[in-house]
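FYI, the numbering just counts along the sequence from 1.
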Amino acid sequence: MKKFLTVISALFIVIQTNGQYEKPMVDEQNKFEYYFNSAFGYYFPINHSKFLADRGAANAFSFQLNYRSNYFARLYFDMSTVGYHKDNMRIGNVSATLDYKLNANNVGLDLGYTFPIRKFSPFAYGGTGISFMDVPVIKNGSQPNEITFGTKNQSFLQLRGGLGVDYEISYFFIIYLEGQYSSTLFKTVLDDRPLQGINLLIGFKTFLK
């Protein structure tokens, strides 16, 4: 009988303790939550430009604000590398080949919605921002039939949207997968078509407050 009472008392203490531990989490979900996100992946251009056809690495960082477990906004800082490549390019009487890596640094704001399903939480979002890129510049050289290649930093409007899913390992650590489409209103002396592509990312989110 003493053993039985001891077991019942222990279960009561455990249940009471768990209830006290989980209650702040439930309350916290009804308020604002803050996360730091970091991800890496690969960028795949999908536009049909003849010289913007390479692919490259992508990195993403963001600060995310959640409201009532469904709505979120995030301030993003992304970086990607895209390659220029064009053979037998005619500029006046000069034939040249361009092979160059473009660095794109993106800053902007996403707004999205999350569908919590236990540990898995699919989400969708859309956003806009500014993309800062090193773009090629072609100048006439000091000699006849001479050209000079250079670069110039320019800014372009970026539109984007994506789908993903969070997997909650713990309340303070979340892994996520994300597919993101982006369109940058890109224009240079070589091309004036939007730079469109898809980022495939894997990353983590850590709870800040």
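By the neighbour-count criterion of 12 heavy atoms within 6.0 Å, atom OH of Tyr71 is sparsely surrounded, having that number or fewer from other residues, nucleotides or ligands. The environment of CZ in Phe77 is crowded: more than 12 heavy-atom neighbours from other residues, nucleotides or ligands sit within 6.0 Å.
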Ring pair (Phe, Tyr, Trp, His ring centres under 6.0 Å) between Tyr34 and Phe63, intermediate numbers included: CA-CA 7 Å; Tyr34 305 90; Phe63 293 96; over 10 Å; no
Worked verdict on Leu159 versus Thr128 for side-chain contact (heavy atoms from CB on, under 4.5 Å): CA-CA 5 Å; Leu159 304 174; Thr128 185; 3.5 Å; yes
CA sep, side-chain torsions, deciding dist, call: Gln158, Ser182, side-chain contact (heavy atoms from CB on, under 4.5 Å): CA-CA 7 Å; Gln158 183 187 55; Ser182 66; 3.9 Å; yes
side-chain contact (heavy atoms from CB on, under 4.5 Å) between Met133 and Thr184, worked out: CA-CA 10 Å; Met133 295 184 181; Thr184 302; 3.6 Å; yes
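Once rounded to the nearest 0.5 Å, the distance linking CD1 of Ile174 with CD of Gln64 reads 8.0 Å. The distance from the CG atom of Asn199 to the CD atom of Gln180 is 5.0 Å, given to the nearest 0.5 Å. Going from atom CZ of Phe120 over to atom CD of Glu168 covers 11.0 Å, rounded to the nearest 0.5 Å.
With Thr206 contributing its side chain and Asn37 its backbone, the two residues share no donor-acceptor pair below 3.5 Å.
Within the 4.5 Å cutoff, side-chain heavy atoms of Arg160 are placed close to those of Tyr125.
Of all heavy-atom pairs between Leu163 and Ala124, the closest is CD2-CB, 3.5 Å. In terms of heavy-atom proximity, Leu157 sits nearest to Gly129 at CD1-O, 3.5 Å. Nearest heavy atoms, Gly108 versus Leu75: O-CD1, 3.3 Å. For Ser121 against Thr114, the heavy-atom pair with the smallest separation is CB-CG2, 3.6 Å. Here the closest non-hydrogen pair linking Ser155 and Ile130 is CB-CG2, 3.8 Å. For Pro116 against Asn70, the heavy-atom pair with the smallest separation is CD-ND2, 3.4 Å.
The salt bridge (charged side-chain N to carboxylate O under 4.0 Å, His left out) pairs that include a residue from residues 56-65 number zero, where partners must be two or more places apart or lie in different chains.
Residues satisfying the salt bridge (Lys or Arg N to Asp or Glu O under 4.0 Å) criterion with Asp166, sequence neighbours excluded, are Lys205. With sequence neighbours left out, Phe115 forms a ring-ring contact (aromatic ring centres under 6.0 Å, His included) with Tyr113. Shown here are the ring-ring contact (aromatic ring centres under 6.0 Å, His included) partners of Tyr35, two or more places apart in sequence or in another chain: Phe207. Ser131 pairs by the side chain to side chain donor-acceptor pair (under 3.5 Å) definition with Asn106, not counting sequence neighbours. For Phe132, there are no ring-ring contact (aromatic ring centres under 6.0 Å, His included) partners two or more places apart in sequence or in a different chain.
No continuous path of ILVMFWY side-chain contacts below 4.5 Å connects Ile175 to Phe172, so the two sit in separate hydrophobic clusters. Each of Tyr76 and Met79 belongs to its own hydrophobic cluster when Ile, Leu, Val, Met, Phe, Trp and Tyr are linked at side-chain heavy-atom distances under 4.5 angstrom. Note on Phe61 and Leu208: same hydrophobic cluster, where clusters join Ile, Leu, Val, Met, Phe, Trp and Tyr whose side-chain heavy atoms are under 4.5 Å apart, directly or indirectly. Residues Ile117 and Leu177 are members of separate hydrophobic clusters, defined by side-chain heavy-atom contacts under 4.5 angstrom among Ile, Leu, Val, Met, Phe, Trp and Tyr. Side-chain heavy atoms closer than 4.5 Å link hydrophobic residues (I, L, V, M, F, W, Y) into clusters, and following such links, even through other members, never connects Tyr167 to Phe123.
Salt-bridge annotation for Arg74 and Glu178: present, with a side-chain N of the basic residue lying under 4.0 Å from a carboxylate O of the acidic one.
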